[in-house]
Amino acid sequence: MRVSRFPIPTLKETPADAEIVSHQLMLRAGMIRKLASGLYSWLPLGVRVLRNVERVVRQEMERIDAAEVFLPAVQPAELWQESQRWEQYGPELLRFKDRHERDFCFGPTHEEVITDLVRGEIKSYRQLPVTYYQIQTKFRDEIRPRFGIMRAREFIMKDAYSFHTNPASLQETYDRMYQAYVAVFTRLGLGFRAVLADSGSIGGHTSHEFHVLADSGEDAIAFSDSSDYAANVELAEAAAPVEPRPAPTESINTVDTPGQHTMEALASFMGVPTSRCLKTLLVKGEAGGLIALCLRGDHHLNEIKAEKLSGVLSPLTLAEDADIRAATGAGVGSIGPVGLEVPVIADRAAAVLADFVCGANQDDRHLSGVNWGRDLAEPQVEDLRNVVEGDPSPDGDGHIAIRRGIEVGHIFQLGTKYSEAMEATVLDEDGKSCLVTMGCYGIGVTRIIAAAIEQNHDDRGIAWPAAMAPFQVAVLPLNAARSERVRQAAESVYAALSAAGIDTLIDDRGLRPGVMFADMELIGIPHRLVVGERGLDQGMFEYKGRQDAEPTLVPQSDIIDFLQQRIAH
RNA sequence: CGGGGUAUGGCGCAGUCUGGUAGCGCACCUGCUUUGGGAGCAGGGGGUCGGGGGUUCGAAUCCCUCUACCCCGACCA
């Protein structure tokens, strides 16, 4: 392509409302422009990157025999009512009516549509297993779109759905899909990890997320420092302390604690570490009453773990202030489990505290020297908290380290959640009707692009991994307007590279060298070829890789071979 | 939705407190010079100051109201 006919509107200045580097660079490189909150137009350069990512994804899907489909973005409410998700999904689901006042939504995902398709088309176990996939625009009305393309409302996703007669077959496809994901992210040149994950609202059980490791990531990933254990912090088990609870040494005592409403303030006021304080949270129970959740003062509640406990309302809902006062006689900040008339569930670490500090259920008063089993009943003990750096690894090998990750893929074993709700059945060998078992597998195609930039940039701009680069080579003629020799040499090498099947961009804008250099570095073209009088006098082109410190001279006659080799690895 | 902030030419900003009819840098257009790391000089075009209402002789500036966008928290590929 010629830059004169392939507009790349680069920006010298960083747009004020772009927070993270990938967002800034995508705007500056002229890949995207914002239309409205969470909605972006893709310019020609961005589209080329997008197509490259899609191509790799398609190839790896085809390699494991997944078949591509294209599904409606607009979906009828009836389908979502069948799966119960019309009610469950909440305001994130963009709903609207057509001219006949019929309810529709813009698909945030396609489980319902694909299940509907399959139940109509697949009748026999002989047709299974089968895997469909789609690469399409989806829409989620995010509470807070941010970070540009990273958390947009409209985004492109690859979703695959597999259908089976039994869990073993699902496991087999799941494993192949896992390997396909490893292949996709490896080919795209990303530093990533597969981690154990929660399956969330989509349902099902076994689940892995694929995360690109980056400090700007929105997810916290727990790793073992000595084994290959990796899990989303949401899911990582906090092992029970090995040390037993110490014997009580203090007696219970009521202390006036005016104005001490945070754990930090309370701990310093009482002269104890926050790890000797007990934090009590009141949440709504399934039966309508309240349930007290107790944690060590230095630990944080894991809401996903909490809402999975029987008796606790899901989704987890904190009690209203009025209900808290009615149940405890005090306000938030002064509540504790002693004398409380509601069920008490303590985190494993909180359950081995002795002589601890907790709220007295009277405003501005706390208790010190409190002990389970002596001053109040032994609580129900559960894993309630987020793991923290230094915790023992749940697999018993090593200790937990926590890093940030960008979730770019997620695979689930759905089981029969959707087939049951939507009555997707096939006839088995015995001619009996049985529910199909499903898996689903997502890749955030647009998000991958932002994640790749987070991992591959420097102070000059983007440095694309080869598989994503919008062009492989940039040909830069210096002073072509003054030198017919330069112009012709540049045109002929451009033609030769293009003929050799190499994606090449020639900067024929006739700008000063510095501008071309800066633009090509900003947009991240991996290989740069400078054509100037100086080099031509020696029969040379000047080559520089995006990450190279110094250019190298390459004989004109060798240039195609030379570049093909560079591009190949 | 709660808390904080912003809105002035394509982009980045000043001007707002203390009302007097809009400015700077970059970008854009023309000409000349220049040309191996974002050129120089000269000339030029472009803004209902987010919308509506009000106060005033006069509003970017003060008051009311609406909207959009950004940041911090709860949602997810």
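Note that the structure is predicted; figures quoted are calculated from it, not measured. Below, chains carry the letters A, B, ... as their sequence lines are ordered, and counting in each starts from 1.
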Checklist line | Separation between the C1' atoms of A60(B) and U18(B), rounded to whole Å | finding: 15 Å

Item checked: Nucleotide nearest E142(A) (side chain, heavy atoms from C-beta), chosen from G37(B), C75(B), G38(B) -> C75(B)

Next item on the list: For G37(B), take OP1 and OP2 only and decide whether either is under 4.0 Å from a side-chain N or O of R528(A).
Entry: no

Checklist line | Protein-nucleotide distance (E111(A), atom CD; C76(B), atom P), rounded to Å | finding: 13 Å

Next item on the list: Find the distance M516(A):CE to G37(B):P and express it as a whole number of Å.
Entry: 11 Å

Next item on the list: Say whether K138(A) and H110(A), considering side chains only, have a donor N or O and an acceptor N or O under 3.5 Å apart.
Entry: yes

Notebook entry, point to check: Reckon K34(A) touches a base, only the sugar-phosphate, or nothing at all at heavy-atom distances under 4.0 Å?
Noted result: sugar-phosphate

Note to self: Taking any heavy-atom pair under 4.0 Å as a contact, classify V408(A): base, sugar-phosphate, or nothing.
What the structure shows: sugar-phosphate

Check: Across all strands shown, which nucleotide pairs with G73(B) by Watson-Crick or G-U wobble geometry, both distances under 3.5 Å?
Finding: C1(B)

Item checked: Of R85(A), E112(A), E111(A), the residue whose pairing with Y418(A) passes side-chain hydrogen bond (donor to acceptor under 3.5 Å, both in side chains) -> R85(A)

Item checked: Spacing of the P atoms in G10(B) and G51(B) (rounded, Å) -> 13 Å

Next item on the list: Could you tell me whether a side-chain N or O of Q455(A) sits under 3.5 Å from a main-chain N or O of L213(A), the two making a donor and an acceptor?
Entry: yes

Margin query: So A16(A), base contact, sugar-phosphate only, or nothing? Heavy-atom distance under 4.0 Å.
Written below: sugar-phosphate

Notebook entry, point to check: With rounding to whole Å, what would you report as the distance between U61(B) and G50(B) at their P atoms?
Noted result: 8 Å

Next item on the list: Tell me which of E407(A) and V530(A) sits closer to the 5' end of RNA chain B, going by the nucleotide each one is nearest to.
Entry: V530(A)

Check: Where the side chain of R447(A) is defined as all heavy atoms beyond and including C-beta, which of G12(B), C76(B), U35(B) is the nearest nucleotide?
Finding: C76(B)

Note to self: Would you measure the distance from the P atom in A14(B) across to the matching atom in U6(B) and give it in whole Å?
What the structure shows: 10 Å

Item checked: Touch class at under 4.0 angstrom, heavy-atom based, for D159(A) against every strand present -> nothing

Note to self: As a test of reading the structure: which of A27(B), C70(B), G37(B) is closest to the side chain of K12(A), going by heavy atoms?
What the structure shows: A27(B)

Check: In the strands shown, is C11(B) matched to any nucleotide by a Watson-Crick or G-U wobble pair with both distances under 3.5 Å, and which?
Finding: G25(B)

Next item on the list: Using a 4.0 Å heavy-atom cut-off across all strands, classify G532(A) as base, sugar-phosphate, or nothing.
Entry: base

Next item on the list: Please state whether the phosphate of A39(B), meaning OP1 or OP2, lies under 4.0 angstrom from any side-chain nitrogen or oxygen of R512(A).
Entry: yes

Next item on the list: For G20(B), give its Watson-Crick or G-U wobble partner with both distances under 3.5 Å, or none.
Entry: C57(B)

Note to self: Under 4.0 Å, heavy atoms only, any strand: does E19(A) hit a base, just the sugar-phosphate, or nothing?
What the structure shows: sugar-phosphate

Next item on the list: Would you state whether a donor and an acceptor, one from the side chain of E533(A) and one from the base of G36(B), lie under 3.5 Å apart?
Entry: no

Item checked: P gap between U16(B) and C63(B), integer Å -> 14 Å

Next item on the list: Please determine, for G47(B), whether a Watson-Crick or G-U wobble partner exists with both distances under 3.5 Å, and give it or none.
Entry: none

Check: U35(B) phosphate, OP1 or OP2: any side-chain N/O from R482(A) under 4.0 angstrom?
Finding: yes

Notebook entry, point to check: Just by modelled atom types, is the D298(A) backbone N or O under 3.5 Å from a matching donor or acceptor in the K279(A) side chain?
Noted result: no

Item checked: Among A77(B), A39(B), G36(B), the one nearest V515(A) by side-chain distance -> A39(B)

Next item on the list: Mind calculating the distance between CD (E521(A)) and P (G37(B)) to the nearest angstrom?
Entry: 12 Å

Notebook entry, point to check: Within the structure shown, what part of the strands sits under 4.0 Å from L478(A) by heavy-atom distance: base, sugar-phosphate, or nothing?
Noted result: base

Next item on the list: May I ask you to evaluate whether R151(A) reaches the phosphate of A77(B), defined as a side-chain N or O under 4.0 Å from OP1 or OP2?
Entry: no

Margin query: Roughly how many Å apart are A59(B) and G20(B), using the C1' atom of each and rounding to a whole number?
Written below: 10 Å

Next item on the list: Rounded to the nearest angstrom, tell me the gap between atom CE in M26(A) and atom P in C11(B).
Entry: 19 Å

Notebook entry, point to check: Does F155(A) stack onto the base of A77(B), taking stacking as ring centres under 5.5 Å apart and planes under 30° apart?
Noted result: yes

Notebook entry, point to check: Looking for any heavy atom pair under 4.0 Å, which part of the strands does G148(A) touch: base, sugar-phosphate only, or nothing?
Noted result: nothing

Next item on the list: Give the nucleotide from the list C75(B), U34(B), C70(B) with an atom nearest to the side chain of R146(A).
Entry: C75(B)

Margin query: I'd like the C1' distance from A27(B) over to C11(B), given in whole Å.
Written below: 7 Å

Notebook entry, point to check: Once the angle between the rings of Y40(A) and H23(A) is folded into 0 to 90°, is it parallel (under 30°), tilted (30 to 60°) or perpendicular (over 60°)?
Noted result: perpendicular

Notebook entry, point to check: Within the structure, does a side-chain N or O atom of K138(A) lie under 4.0 Å from either OP1 or OP2 of C76(B)?
Noted result: no

Checklist line | Short side-chain to backbone donor-acceptor contact, N232(A) and A197(A), under 3.5 Å | finding: no

Margin query: Taking the minimum atom-to-atom distance to the side chain of E92(A), which one of A77(B), C11(B), C76(B) wins?
Written below: C76(B)

Checklist line | Closest to side chain of N479(A), choosing from C76(B), G12(B), U35(B) | finding: U35(B)

Item checked: Complement of A39(B), any strand, by Watson-Crick or G-U distances under 3.5 angstrom -> U33(B)

Note to self: What contact category does G90(A) fall into here, base, sugar-phosphate, or nothing, at under 4.0 angstrom with non-hydrogen atoms?
What the structure shows: nothing

Item checked: Residue-phosphate contact under 4.0 Å: S37(A) side-chain N/O, C70(B) OP1/OP2 -> yes

Note to self: Using a heavy-atom cut-off of 4.0 Å across all strands, would you classify A450(A) as base, sugar-phosphate, or nothing?
What the structure shows: nothing

Check: Would you call the rings of F210(A) and F192(A) parallel, tilted or perpendicular if under 30° counts as parallel and over 60° as perpendicular?
Finding: tilted

Item checked: Residue pair Q171(A) / D175(A), side-chain donor-acceptor N/O under 3.5 Å -> yes

Margin query: For the backbone of E92(A) and the side chain of R140(A), can you confirm whether one donor and one acceptor N or O come within less than 3.5 Å of each other?
Written below: no

Margin query: Please determine whether any donor N or O and acceptor N or O are separated by less than 3.5 Å between the side chain of D519(A) and the base of G38(B).
Written below: yes

Next item on the list: Indicate, with a heavy-atom threshold strictly under 4.0 Å, whether R460(A) touches base, sugar-phosphate, or nothing.
Entry: base

Item checked: Earlier contact from the 5' end, RNA chain B, for E218(A) and T10(A) -> T10(A)

Notebook entry, point to check: Using the P atom in both, what is the distance from C24(B) to G46(B), to the nearest Å?
Noted result: 15 Å

